[in-house]
Student: 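One structure, pasted below without further comment.
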There are 2 protein chains.
Amino acid sequence: MPTVSSEELAAAAGVNSAKLRKDFSYLGSYGTRGVGYDVEYLVYQISRELGLTQDWPIVMVGIGNLGAALANYGGFASRGFRVAALIDADPAMTGKSVAGMSVQHADDLEKIVDENGVSIGVIATPAGAAQQVCDRLVAAGVTSILNFAPTVLSVPDGVDVRKVDLSIELQILAFHEQRKAGEGAVDGAEGAGVGVEGPAAKVTRPTAGDDRKGPDGDVPAVMPA
Amino acid sequence: MPTVSSEELAAAAGVNSAKLRKDFSYLGSYGTRGVGYDVEYLVYQISRELGLTQDWPIVMVGIGNLGAALANYGGFASRGFRVAALIDADPAMTGKSVAGMSVQHADDLEKIVDENGVSIGVIATPAGAAQQVCDRLVAAGVTSILNFAPTVLSVPDGVDVRKVDLSIELQILAFHEQRKAGEGAVDGAEGAGVGVEGPAAKVTRPTAGDDRKGPDGDVPAVMPA
DNA sequence: CCATCTTTGTGCACGCGTTCACAAAGACAT
DNA sequence: ATGTCTTTGTGAACGCGTGCACAAAGATGG
């Protein structure tokens with residue numbers, strides 16, 4: 001019986017072993033003192049708690065580049081997700097084959113959701129269509145929505161929405177990049193002050209004093225919309 | 001001069017106003033007591049601190065569905081990013097127009113990075129090619145990489161990598177979905193125990209006792225790879 | 001010019017999560 | 001069986017971030 005100790009797992013994950021044990025303990029007592037955790041059993045328990053052992057039929061609405069990319073993404077199937085249908089509003093797309101599936105027309109959205117018992121929908125439409133698609137999905141019985149469109153969706157209580165903004169990660173990289181390069185004054189007169197990971201909110205600035213609201217001369221145009 | 005108070009901003013964002021003020025204070029003293037914050041000036045200061053006022057040329061490698069979707073994504077330009085080049089290894093893609101740009105061949109990667117002064121690269125290739133592309137980007141001078149390929153990249157010190165796993169968000173939704181539906185026993189014998197947001201790690205279970213390592217009979221196959 | 005009102009900037013205290021440290025539990029050798 | 005050794009599970013302490021509450025600062029009106 002292959003086992004792992006909390007110590008090994010913690011080292012591999014770069015976390016504290018006590019915390020790891022405490023976290024595991026919330027799932028139940030699955031370890032054996034003096035031995036460790038049965039790998040296979042532990043993996044199963046975590047998978048089950050996370051919902052990875054269930055089959056989740058999902059519908060994808062909006063089969064443009066992004067929708068197609070998602071449909072082809074291998075990571076879904078291995079995590080328990082099954083793409084039950086691809087839906088697009090463009091009649092020219094209807095019937096086309098994407099990722100081995102035939103794209104269906106948006107008119108049939110309600111029927112598709114109902115017949116497949118879908119409770120999770122993915123929206124990859126243009127921003128303008130997202131809210132409308134969202135409303136129809138919710139009306140059809142979908143209770144969780146993953147939104148790739150750059151819009152904030154409004155939904156009734158009881159429906160979960162998660163928004164994916166593909167540029168946020170890029171922005172984080174750019175932030176770090178800025179710190180790497182411009183340690184000494186990039187634009188204004190500071191540059192130092194915020195650390196690059198932890199101590200960002202820890203720094204005790206020089207009690208401000210100068211870099212505050214200048215003579216207004218250094219206030220260029222505002223950020224791009 | 002249009003202004004906002006920390007109270008208004010906090011209400012809009014759903015956070016505590018004191019924390020918001022404290023956070024702002026790390027950027028300097030940009031508010032006026034009795035009045036609030038000058039909107040335009042505040043936006044500029046935050047933008048500058050976040051690096052949004054700079055122009056970040058980026059290269060995108062791997063122009064498949066995902067790469068094309070990203071190239072067309074409008075959110076980048078408005079955040080200060082400029083797609084300097086699209087690169088693909090497939091000779092059939094070379095010269096094709098995607099998002100108004102001509103796709104260039106991977107052979108020219110080093111030259112492109114150098115000539116455009118690129119320090120941020122986006123990898124949207126298949127998993128198999130990601131590490132190789134990454135190595136070449138780094139060798140060419142790129143110091144930040146956004147990785148969409150399902151691979152963990154290894155890079156030398158000083159290079160930042162952020163991995164985007166498109167299925168993680170979906171998994172979070174599925175987790176919540178599971179709790180919504182299966183309040184009473186989904187598979188095993190528990191089901192209750194973990195709350196749906198905050199108290200997940202707070203629950204005091206019934207001191208375990210039964211649901212622990214059962215008679216082995218209830219240990220189905222392990223999670224899908 | 002002084003009084004009053006509004007809102008910032010921040011010291012301080014509280015509470016929560018992380019980590020320490022150890023008793024309990026089981027494996028394994030003798 | 002008994003003792004030793006390893007590793008878990010968890011009570012308790014520590015430290016950090018959040019939120020409270022207030023003094024300082026500037027606006028505004030008389």
Side-chain angles (χ1 to χ4, degrees), chain A residues 1-43 45-46 49 190 193-195 197-216, chain B residues 1-43 45-46 49 190 193-195 197-216:
Chain A
M1 177 177 100
T3 61
V4 262
S5 68
S6 61
E7 202 62 57
E8 294 173 271
L9 285 173
V15 298
N16 182 288
S17 68
K19 175 158 178 27
L20 194 143
R21 285 199 298 279
K22 194 163 279 187
D23 284 354
F24 281 1
S25 78
Y26 289 116
L27 305 178
S29 285
Y30 297 138
T32 303
R33 297 173 189 227
V35 176
Y37 298 87
D38 173 6
V39 174
E40 188 181 357
Y41 191 73
L42 180 63
V43 166
Q45 287 298 342
I46 293 176
E49 191 68 29
E190 35 210 297
V194 181
E197 188 70 26
K202 253 335 176 7
V203 176
T204 27
R205 284 165 307 100
T207 327
D210 359 34
D211 64 34
R212 47 183 306 144
K213 191 172 295 184
D216 273 16
Chain B
M1 178 177 99
T3 60
V4 263
S5 68
S6 61
E7 202 62 57
E8 294 173 271
L9 285 173
V15 299
N16 182 286
S17 68
K19 177 159 176 25
L20 193 143
R21 285 199 298 279
K22 195 165 281 185
D23 284 353
F24 281 1
S25 79
Y26 288 115
L27 305 178
S29 286
Y30 297 138
T32 304
R33 297 174 189 224
V35 177
Y37 298 88
D38 173 6
V39 173
E40 189 182 355
Y41 192 72
L42 180 64
V43 167
Q45 288 298 340
I46 294 176
E49 191 70 28
E190 35 210 298
V194 182
E197 188 69 25
K202 260 324 182 13
V203 176
T204 27
R205 283 166 306 101
T207 327
D210 359 33
D211 65 35
R212 45 183 306 143
K213 193 171 292 184
D216 272 18

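Protein chains get the first letters and strands the later ones, always in sequence-line order, with residue 1 at the start of each.
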Student: Check the distance between dT7(C)'s P and Leu9(B)'s CG and give it to me in whole angstrom.
Tutor: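 Going from CG in Leu9(B) over to P in dT7(C) covers 12 Å.
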Student: Quick one: is Tyr37(B) getting a side-chain N or O under 4.0 Å of the dG9(C) phosphate, OP1 or OP2?
Tutor: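 For Tyr37(B), the contact criterion (side-chain N or O under 4.0 Å from OP1 or OP2 of dG9(C)) is met.
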Student: Working note: Thr32(A) + Asp38(A), criterion side chain to side chain contact (heavy atoms under 4.5 Å, CB included); need CA distance, chi angles, decisive distance, verdict.
Tutor: CA-CA 8 Å; Thr32(A) 303; Asp38(A) 173 6; over 6 Å; no
Student: Mind calculating the distance between CZ (Arg33(A)) and P (dA27(C)) to the nearest angstrom?
Tutor: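 About 12 Å, once rounded to whole Å.
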Student: Give a yes or no on whether a donor-acceptor pair under 3.5 Å exists between the nucleobase atoms of dG17(C), that is its base, and the side chain of Lys22(A).
Tutor: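 Checked by distance alone, the answer is no.
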Student: Separation of Asp38(B) atom CG from dG26(D) atom P, in whole Å?
Tutor: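 Asp38(B) atom CG is separated from dG26(D) atom P by 16 Å.
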Student: I need the CG-C1' distance between Leu20(B) and dC20(D), as an integer number of Å.
Tutor: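 After rounding, the reported distance stands at 16 Å.
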Student: Rounded to the nearest 0.5 Å, what separates atom CG in Asn16(B) from atom CZ in Arg21(B)?
Tutor: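 The distance works out to 8.0 Å.
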Student: Ignoring backbone atoms, establish whether Ser25(A) has a side-chain N or O less than 4.0 Å from OP1 or OP2 of dG9(D).
Tutor: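 False: Ser25(A) side-chain N/O out of range (4.0 Å or more) of dG9(D) OP1/OP2.
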Student: Taking CG from Leu27(B) and P from dT8(C), how many angstroms apart are they, rounded to a whole number?
Tutor: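 The distance from CG of Leu27(B) to P of dT8(C) comes to 15 Å, rounded to the nearest Å.
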Student: Between dT8(C) and Ser6(B), is there an OP1 or OP2 to side-chain N/O distance shorter than 4.0 Å?
Tutor: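 Affirmative; the distance criterion is met.
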Student: Over how many whole Å does the gap from Met1(B) atom CE to dG26(D) atom P extend?
Tutor: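 Distance check: Met1(B) CE to dG26(D) P gives 13 Å.
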Student: Rounded to whole angstroms, how far apart are CZ on Arg21(B) and P on dT7(C)?
Tutor: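 Distance check: Arg21(B) CZ to dT7(C) P gives 11 Å.
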Student: Tell me, with the steps shown, if Tyr37(A) and Ser6(A) meet side chain to side chain contact (heavy atoms under 4.5 Å, CB included).
Tutor: CA-CA 8 Å; Tyr37(A) 298 87; Ser6(A) 61; 4.1 Å; yes
Student: Measure CG/Asp23(A) against C1'/dT8(D) and give the value in whole Å, please.
Tutor: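 About 14 Å, once rounded to whole Å.
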Student: Here's a test of your reading of the structure: between Val35(B) and Ala18(B), which maps to the more 5' nucleotide of DNA chain D?
Tutor: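 By nearest-heavy-atom nucleotide position, the 5'-most residue is Ala18(B).
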Student: Just by modelled atom types, is the Ser5(A) backbone N or O under 3.5 Å from a matching donor or acceptor in the Glu8(A) side chain?
Tutor: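 Between the backbone of Ser5(A) and the side chain of Glu8(A) there is a qualifying donor-acceptor contact (under 3.5 Å).
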Student: Donor-acceptor pair under 3.5 Å: do we get one between Lys19(A)'s side chain and the base of dG17(C)?
Tutor: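 Flag unset: no donor-acceptor pair detected.
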Student: Would you say the rings of Tyr41(A) and Tyr30(A) are close, in the sense that their centroids are separated by under 6.0 Å?
Tutor: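 Under 6.0 Å, so yes.
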